[in-house]
Amino acid sequence: MKRIFIIIVLLISLNSLCQTSANNKSIIGIWQAETNEVSSAYLDTYRFYKNNKFVFEPSQYDGLKTIVKIAGTYKIHNAKIVFYVNSITELIGNKIERSMITTQSDSWAIEGGKLVTKKIKSLPQEAKFEFLESIEGNKNCLKIDGRLFYEINE
């Protein structure tokens with residue numbers, strides 16, 4: 001009976017260590033949607049930091065985006081990630097032009113303008129979360145609301 005109790009305690013301890021590792025330390029870094037390959041620009045990207053801060057940047061291929069960054073803190077609990085957004089960075093005072101750079105918006109792009117960061121208050125935003133460890137040397141992945149984000153190196 002005593003052995004069974006010790007085994008149960010050890011299993012619970014090991015399980016909690018695995019959850020901590022997969023949920024906190026392992027997500028620190030840069031995660032890009034759809035692929036771990038980076039060409040001339042990033043796709044949708046999350047950056048997670050040790051101090052539980054995050055930054056989300058929409059795809060750099062979108063020439064018409066006005067929100068260029070969402071920032072705040074995050075918490076992972078019970079297969080969910082909760083985002084607490086506290087600022088956004090927007091492109092304001094701009095004009096629409098045909099760009100020499102091809103964008104996913106048929107070469108339409110916002111030119112000029114300036115970046116302005118605003119503090120905001122927002123309700124916590126909850127998403128399904130899963131950390132997928134690398135298998136056979138492949139890169140680690142995150143699944144946020146069913147969408148895959150791949151670990152990349154800058």
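Only heavy atoms go into these numbers, but all of them, side chains included; no hydrogens, no water, no symmetry mates.
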Would you say [X] and [Y] are hydrophobically clustered, going by side-chain heavy atoms of ILVMFWY under 4.5 Å?
{"X": "Phe131", "Y": "Ile144", "answer": "yes"}
{"X": "Ile81", "Y": "Tyr84", "answer": "no"}
{"X": "Leu91", "Y": "Ile120", "answer": "no"}
{"X": "Phe149", "Y": "Ile76", "answer": "yes"}

| query | For Glu130, which residues count as a salt bridge (charged side-chain N to carboxylate O under 4.0 Å, His left out) partner, sequence neighbours excluded? | reply |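 Checked Glu130 against salt bridge (charged side-chain N to carboxylate O under 4.0 Å, His left out); zero matches.
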
| field | Ser122: which of Ile88, Val85, Ile70, Asn86 passes side-chain contact (heavy atoms from CB on, under 4.5 Å) | value |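 Going through the options one by one, the only one that passes is Val85.
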
Check for a donor-acceptor pair, side chain of [X] on one end and backbone N or O of [Y] on the other, with a separation under 3.5 Å.
{"X": "Gln125", "Y": "Leu123", "value": "yes"}
{"X": "Asp44", "Y": "Ser59", "value": "yes"}
{"X": "Arg98", "Y": "Asp106", "value": "yes"}

| said: Please determine whether the number of non-hydrogen atoms from other residues, nucleotides or ligands lying under 6.0 Å from atom CG of Leu115 exceeds 12. | reply: yes

| query | Of all heavy-atom pairs between Asn140 and Trp31, which one has the smallest distance, and what is that distance? | reply | O-CZ3, 3.4 Å

| query | Which atoms form the tightest heavy-atom contact between Ala127 and Phe83, and what is the distance? | reply |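 Smallest heavy-atom distance, with atoms named: CB-CE1, 4.4 Å.
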
| task | Please determine which of Lys69, Lys65, Arg47, Gln32 meets the side-chain hydrogen bond (donor to acceptor under 3.5 Å, both in side chains) test together with Glu57. | result |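 Of the listed options, the one satisfying the test is Arg47.
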
| field | Which residues share a ring-ring contact (aromatic ring centres under 6.0 Å, His included) with Phe56, sequence neighbours left out | value |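 Testing Phe56 for ring-ring contact (aromatic ring centres under 6.0 Å, His included), a comparison that skips the adjacent residues, returns Tyr46.
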
